[in-house]
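Quick notes on the structure that follows.
Numbered from 1 within each chain, the chains take letters A, B, ... in sequence-line order.
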Protein chains: 2
Amino acid sequence: METITDNQNVRMTKKLEKMFGHIDYKHPPELCPVRDVMSVASDQWSILILLWLGYFPVLRFNKLKKYVYGISNKVLSQRLKVLETDGYIKRKAYAEVPIRVEYNLTTFGKTYVERLLELTEWMQQNSPKVLANRKKFGLD
Amino acid sequence: METITDNQNVRMTKKLEKMFGHIDYKHPPELCPVRDVMSVASDQWSILILLWLGYFPVLRFNKLKKYVYGISNKVLSQRLKVLETDGYIKRKAYAEVPIRVEYNLTTFGKTYVERLLELTEWMQQNSPKVLANRKKFGLD
DNA sequence: CGGGATCCCGAGTGATACTG
DNA sequence: CAGTATCACTCGGGATCCCG
C-alpha cells in the first residue's frame with residue numbers, strides 16, 4: 001500500500017493530461033470555469049455543510065449551524081446561498097411564525113457528496129499519518 | 001446517471017456514519033484532526049499545487065508560480081511549507097548561484113493526488129452543469 | 001538571478017447584537 | 001427562527017526588498 005505501481009503512475013498521468021487542458025495556466029481565469037467551480041465546492045465550510053446534508057435528509061439553519069461546528073451566521077448563510085445557486089442544495093421556506101427554512105441536497109448535490117466522501121474517507125484514514133509527519137518534521 | 005439508486009443511498013449513509021464519528025460537532029475542534037488535515041489538503045491553492053506536482057515529476061518555485069496561475073509569492077511559499085510539514089511534498093535546495101529549489105510529491109502525496117484527481121475529474125465534467133445552474137437560478 | 005521575506009493595504013471573516 | 005448589521009480583526013494580494 002505504501003508503494004505506487006508504474007501502472008498507477010501511467011493512469012495518473014493520463015488523467016492529469018486531460019485535466020490540464022482545462023486548468024492550464026495559459027487560460028485566463030475567466031475562461032477557466034473549472035477552477036471557479038472547484039473553489040466553491042472545495043471550500044472547507046462548504047464541504048462540511050454538504051457532508052452533513054448528506055447525512056441528514058433535511059436540515060434547518062440553526063441545526064446546520066450547530067453541526068458545522070464553529071461556522072458563523074454570516075458565512076453559513078453566504079455559503080448556503082452559493083451552494084444553492086450552483087445547484088448543490090435546495091432551500092424551502094415555510095411562511096410560518098416563526099419562519100421555518102429547510103435545506104436539502106439536490107440530486108446533483110448527492111452525486112457530488114458521493115465523490116466528496118471518497119476523499120474525506122481518505123483523509124479520515126490518513127490524518128494520523130499527517131499528524132505524525134508534522135511531529136517528525138524538522139527533527140531529521 | 002441522473003438518478004441515485006437506493007443502494008447508493010445506503011452505501012453513502014454507511015460511509016457518512018463512519019465519518020461523523022470523527023467530525024462530530026460534539027467534538028471540540030482540537031480533538032478533531034480530520035477537519036484540520038482536511039482544511040490544509042482541500043485548500044484551493046494547495047489543490048492546484050499538488051495537481052501540477054502530479055503532472056510534472058519536479059518543479060521549481062517560479063515554474064510552480066507560473067503554472068498555479070494567479071498565486072502570490074507569499075501564499076505559494078506558505079502553502080509549500082505547510083504541504084511539506086504535512087508530508088505531501090518534499091523540498092530540495094541546492095546551494096548554487098543562483099539558488100535552485102526543487103519540489104516534488106512524496107509517495108504519500110501521490111496517493112493523495114490520486115484521490116484528488118477523482119474529485120477534480122468530476123468537477124471538470126460537471127462544471128458546465130454548474131454554470132448552467134447559475135444562469136438558470138432566479139429565473140423560475 | 002532565483003527563492004523567498006517583509007510591508008502595506010483592502011477584502012473577507014468572526015462574534016455579537018439586532019430585526020422581520 | 002433565519003437570517004442581516006455592525007465592527008474589530010485576520011488573511012490574502014501586490015509590490016518591494018533581501019540574501020546567497
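Among the nucleotides C:dG14, C:dG3, D:dG13, the one closest to any side-chain atom of A:S72 is C:dG14. In this structure, the nucleotide among C:dG3, C:dT13, C:dC1 sitting nearest to the side chain of A:K74 is C:dT13. For B:I99, the listed nucleotide lying nearest its side chain is C:dG2; candidates were C:dG2, C:dG4, D:dG12. Distance from the side chain of A:P98 is smallest for D:dC1 among the nucleotides D:dC1, C:dG3, D:dG13.
Within 4.0 Å of B:Q44, counting heavy atoms only, lies no atom of the nucleic acid at all. Among the protein residues, B:V101 comes within range of the sugar-phosphate backbone only, with heavy atoms under 4.0 Å from sugar or phosphate atoms but none that close to a base. No engagement by A:Y94 is indicated, since no non-hydrogen atom pair under 4.0 Å with the nucleic acid exists. Among the protein residues, B:K81 comes within range of the sugar-phosphate backbone only, with heavy atoms under 4.0 Å from sugar or phosphate atoms but none that close to a base.
A ring-centre distance under 6.0 Å is not found for A:Y67 and A:Y55.
If you take NZ of B:K65 and P of C:dA5, they are 13 Å apart, rounded to a whole angstrom. Rounded to whole Å, the distance from CG on A:L59 to P on D:dC1 is 15 Å. Rounded to whole Å, atom P of D:dT4 lies 8 Å from atom CZ of A:F61. Counting to the nearest Å, the C1' atom of D:dG3 and the NZ atom of A:K63 are 18 Å from each other. For the pair B:R91 CZ and C:dG2 C1', the interatomic distance rounds to 12 Å; values are reported in whole Å. Computed from coordinates, the B:L76 CG to C:dT6 P distance equals 16 Å when rounded to whole Å. For the pair B:I71 CD1 and D:dC11 C1', the interatomic distance rounds to 14 Å; values are reported in whole Å. Distance CD1 (B:I49) to P (C:dG4): 12 Å, rounded to an integer number of Å.
The side chain of A:Y103 places an N or O atom within less than 4.0 Å of a non-bridging phosphate oxygen (OP1 or OP2) of D:dG3. Dashed line: the shortest gap from a side-chain N or O of B:N62 to OP1 or OP2 of C:dG2 is not under 4.0 Å. In this model, the phosphate group of D:dG12 is approached by a side-chain N or O of B:R79 to a distance below 4.0 Å at OP1 or OP2. Residue B:S77 places none of its side-chain N or O atoms closer than 4.0 Å to OP1 or OP2 of C:dG3. Proximity of B:R60 to the phosphate of C:dG3: a side-chain N or O atom is located under 4.0 Å from OP1 or OP2. For B:W45, no side-chain nitrogen or oxygen approaches OP1 or OP2 of D:dC11 to under 4.0 Å. Between A:Q78 and the phosphate of C:dT13, there is a side-chain N or O to OP1/OP2 separation shorter than 4.0 Å.
In this structure, the separation between CG on A:L80 and OH on A:Y103 is 4.5 Å, given to the nearest 0.5 Å.
In summary, A:D36 and B:R134 engage in a salt bridge, as defined by a charged side-chain N under 4.0 Å from a carboxylate O. Contact check on A:K15 versus B:E121 returns a salt bridge, with a Lys/Arg side-chain nitrogen under 4.0 Å from an Asp/Glu carboxylate oxygen.
Side-chain N/O atoms of A:N73 and base N/O atoms of C:dT16 include no donor-acceptor pair closer than 3.5 Å.
B:Y112 and A:W122 have tilted rings, their planes meeting at an angle from 30° to 60° on a 0 to 90° scale.
Listed for the B:D43 side chain is a donor-acceptor partner under 3.5 Å among the backbone atoms of B:W45.
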